[in-house]
Structure formats: C-alpha cells, structure tokens
Number of protein chains: 2
Amino acid sequence: MRPNKRAELIRKSLDLFYRNGFHATGMDLVAAETGVSKTSIYKHFRSKEELILAVLQLRDEDFRGWLFQRLEELADTPRGQLEALFDALGEWFEQPGFQGCMFIKASAEYQAGEDPINMQSAGHKRLLQEHFAGLAAKAGAQEPAALARQLMILKEGAIVLAAMNHSPAPAGDGRQAALALIDLAIR
Amino acid sequence: MRPNKRAELIRKSLDLFYRNGFHATGMDLVAAETGVSKTSIYKHFRSKEELILAVLQLRDEDFRGWLFQRLEELADTPRGQLEALFDALGEWFEQPGFQGCMFIKASAEYQAGEDPINMQSAGHKRLLQEHFAGLAAKAGAQEPAALARQLMILKEGAIVLAAMNHSPAPAGDGRQAALALIDLAIR
DNA sequence: ATGTTTGTGTACCGATCTGTTAACTTTCGA
DNA sequence: TCGAAAGTTAACAGATCGGTACACAAACAT
C-alpha cells in the first residue's frame with residue numbers, strides 16, 4: 001500500500017471513529033467509507049484495535065502539533081502561551097465538527113487500565129501535561145507540575161462540557177479560571 | 001413485575017453498563033446477570049435505549065442524593081459545602097469500583113445532540129450546576145453562576161483524569177484550584 | 001515477457017447484536 | 001378453585017460484528 005493511501009485510510013478512519021464512536025463503527029463501514037477493501041485493511045492491521053491505535057497515534061501527533069503551534073502563534077512568552085491555552089481551545093470548540101476529545105472517548109469505551117487503547121490515551125494526556133509543566137517552569141511558577149495538573153483539569157473539564165452541551169462557552173469560563181490560577185502560581 | 005424486582009433489574013443493569021460500557025454490553029448479558037429473562041425485560045422496556053434511560057435516571061438520583069448529602073455532612077455553610085466538593089469527590093475516586101462519570105461516558109457513546117441519552121446526561125450536569133450556583137449565591141459570590149460553571153469544569157476534568165489514570169490524585173489538585181477560585185469569587 | 005508482490009471484490013465464517021414468537025409455569029386475586 | 005396476568009425457557013429472526021478464504025486483476029522489477 002502506498003504510504004499516501006495508508007495515511008488516507010487512517011485519517012478517514014479517524015473521522016469515522018470520532019463521529020460515530022469506536023464500538024459503534026464497524027469495519028464494514030470503514031471499508032466502505034475509505035474505499036479500501038476489508039481484505040486490504042486486515043493485511044496492514046492485524047485487528048480493529050491495531051487500526052484504532054494507529055488512529056490515536058495520528059490524532060496525538062496532529063493535536064499536539066496544532067495546539068503547541070497555535071500557542072506559539074498567540075504568544076511568545078511561556079506565561080503568555082499558558083494564558084493563551086483557552087483561546088486556542090475556544091477556537092477548537094467552535095470548529096464545525098467538534099465532538100470532544102478523542103482520547104477521553106477512547107478511554108471511556110476501553111476503560112480497562114491495561115488496555116492498549118487506554119494506555120495510549122493516558123500517554124497523550126501525559127505528553128500535554130509535561131509540555132505545560134515545561135512552560136510553567138520557564139514562566140517561573142513555584143510549583144510548575146502542580147500548575148500543569150490544574151490546567152489539565154480545567155482543559156479536560158472544559159472539553160467535556162463543551163462537547164456535552166454543544167457549546168463553546170466553557171472555553172470562556174475555563175480561561176477566566178486559568179488566568180486566576182496562573183496569576184496565583186507565578187509571582 | 002414487582003417494584004423491587006424492577007428496581008433490582010435497573011440497578012444491576014447500571015453496574016453492567018458502568019463497568020463494560022453501553023454498546024459493549026449486550027442484552028443477553030443483562031438478562032443473564034440480572035436473572036430476568038430477556039422476554040420480561042422487553043415487556044417492561046420497549047428497547048435497550050429505554051432501559052439505559054431508566055438506568056441514567058437512577059444514577060442521577062443516586063449521585064445527586066449522595067453528593068449533596070455528603071456536602072451537608074462535611075460543612076454547614078454554603079461556602080463550606082462548595083469547599084468540600086473535592087473532598088467528597090476524592091472519596092468517590094477512591095472507591096474500589098470507580099470508573100469515571102456515567103453521564104460523560106453515556107454522552108461520549110451517544111453524542112448526537114438530539115439523542116435522548118445525550119439530553120438526559122446534559123440534564124444531570126445542569127442540575128448539579130444549578131445546585132452549585134445556589135450555594136454560591138447563598139455564600140455571597142459576586143457572580144454565582146460563573147463560579148458554579150468554573151467549579152463544574154474543575155469537577156468534570158478531575159473525574160476524567162482520575163478515571164483515565166486510575167488515580168484519585170486529581171481530587172487534590174482540583175481541590176486546591178477550587179479553593180483559590182472560591183476565595184477570589186467570594187469576598 | 002514473466003513471475004511476484006500487492007490489492008481487489010465477493011462470498012463466507014461463527015459469534016453476537018437487538019428484538020420477537022410461542023408454549024409452558026408461576027403467581028395471585030376473586 | 002379457577003382464570004387472568006405476568007413470568008419463564010428456548011428457539012428463532014434478520015442484521016451486523018470482527019475477521020478470513022479464494023480467485024482474480026493490476027503493478028512491478030527482473
């Protein structure tokens with residue numbers, strides 16, 4: 001399979017899983033929507049789980065790449081980038097196809113702690129948290145890790161509520177809370 | 001069906017859906033685990049969706065009843081009850097079977113805005129938010145609704161991260177953030 | 001030109017999905 | 001005690017699930 005075709009298969013699968021959920025999306029639908037026969041799919045992915053893991057890896061790279069770049073565009077200081085977090089999230093919430101965080105949904109459907117899908121989802125969150133902790137340290141926070149954990153909590157909560165209520169409003173409330181917490185953590 | 005038996009069916013179904021997920025739990029398993037024949041189940045619930053809605057209603061009553069009572073036990077002032085929120089959540093996170101918020105998972109699996117399951121999940125969150133807003137108003141917050149929305153974001157984020165990482169730690173971080181936000185909102 | 005790899009469509013596998021039909025038991029009030 | 005209501009088991013629909021077998025067609029390097 002040409003690398004392009006493989007990448008396209010993963011990306012289209014991502015759209016399907018993101019819109020319909022994982023259990024609710026059958027491999028027949030994946031084959032029909034991607035235009036790749038089920039036989040070929042199973043020649044490159046030993047199971048549906050392996051395809052999901054590839055989808056999550058793409059999502060991880062895409063999302064972190066987008067978010068970190070957007071933060072750099074919005075601010076050029078570490079503190080400024082932390083403060084811009086919920087501005088970027090607000091832009092995401094307003095995108096037409098926004099349906100919440102793919103990793104939250106993945107770990108909700110595959111919630112066993114030792115499940116590879118759950119572990120990969122947790123890994124994504126860990127990478128985000130480490131990035132925020134690095135920014136917090138550069139910004140001079142007294143407890144960078146603690147601030148990063150607080151911002152992560154705000155971020156996940158805002159995503160969940162925005163998705164459930166189909167409203168971008170939680171970005172504004174999260175932003176206000178984040179600014180206050182950042183202000184307290186960095187003097 | 002005796003009311004007791006019906007209630008038991010719903011409660012056992014709740015456990016199954018909570019542990020395994022909604023799509024991943026078949027009605028055959030529900031019948032086997034509850035001891036109620038599938039024929040009888042479908043005599044009292046027209047579809048799996050109706051059973052899920054009954055389960056969510058029970059969960060809503062149980063959870064709000066438990067949380068609000070626990071807050072009253074932990075503090076006797078409105079502000080104290082808001083401050084005790086993450087102490088109560090921490091207790092929940094440490095319970096053996098904790099697997100996250102049932103409504104977040106329900107709305108993740110049934111994410112269409114007009115889906116009754118999604119609407120019922122959003123209704124549960126709205127009731128919680130209104131309760132917090134009432135407490136915030138009694139506590140003298142300048143913008144009770146805004147504080148309630150911020151606390152909701154913290155709450156959902158802490159639940160999601162505690163479930164994904166199988167750790168009660170987010171309760172402590174959420175508590176610290178909540179105390180700071182409450183202190184800023186109520187002078 | 002030829003043989004190998006790679007992908008294709010199609011039909012199929014056994015299992016499971018939600019939901020139903022039918023005949024038989026239990027329960028329980030009149 | 002009798003008869004309706006409600007529950008039971010068991011088999012069965014029709015569809016879909018994840019995954020595979022097989023025969024065939026295109027692409028490719030040699």
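Naming convention: chains lettered A, B, ... in sequence-line order (proteins, then strands); numbering from 1 in each chain. No hydrogens, no waters, no symmetry mates; every other heavy atom, side chains included, goes into these values. Keep in mind that this is a model prediction, so the values were computed, not measured.
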_Protein-nucleotide distance (B/Ile41, atom CD1; D/dA10, atom P), rounded to Å_ = 16 Å
*Could you check whether the rings of A/His124 and A/Phe103 sit parallel, tilted or perpendicular, using 30° and 60° as the cut-offs?*
parallel
Restricting to nitrogen or oxygen on both sides, can you table the protein-nucleotides 25-27 of chain C pairs closer than 3.5 Å?
none

*Does a side-chain heavy-atom distance below 4.5 Å link B/Leu14 with B/Met102?*
yes
*Can you name the ring-ring contact (aromatic ring centres under 6.0 Å, His included) partners of A/Phe93, sequence neighbours left out?*
A/Phe98
_Rounded to the nearest 0.5 Å, what separates atom CG in B/Leu184 from atom CG in B/Leu179?_
11.0 Å
*Calculate, to the nearest 0.5 Å, the distance between atoms NE2 and CG belonging to B/His23 and A/Asn20 respectively.*
9.5 Å
_Any salt bridge linking A/Arg11 with A/Asp15? Criterion: basic side-chain nitrogen under 4.0 Å from a carboxylate oxygen._
no
*Under 4.0 angstrom between A/Ser40 side-chain N/O and C/dT8 OP1 or OP2*: yes
*Within the pair A/His44 and C/dT6, is there a side-chain N or O less than 4.0 Å away from OP1 or OP2?*
no
*Should the ring pair B/Phe17 and B/Phe22 be called parallel, tilted or perpendicular, given that the plane angle runs from 0 to 90° and is split at 30 and 60?*
parallel
Polar atom pairs (N or O), protein with nucleotides 16-23 of chain C, under 3.5 Å:
unit_1 : atom_1 : unit_2  : atom_2 : d
C/dT18 : OP1    : B/Lys48 : NZ     : 2.4
C/dT18 : OP2    : B/Met27 : N      : 2.7
C/dG19 : OP2    : B/Tyr42 : OH     : 3.0
C/dG19 : OP2    : B/Lys48 : N      : 2.8
C/dG19 : N7     : B/Lys38 : NZ     : 3.0
C/dG19 : O6     : B/Lys38 : NZ     : 2.5
C/dT21 : O4     : B/Thr39 : OG1    : 3.4

*Is the CD atom of B/Glu143 crowded by more than 12 outside heavy atoms at less than 6.0 Å?*
no
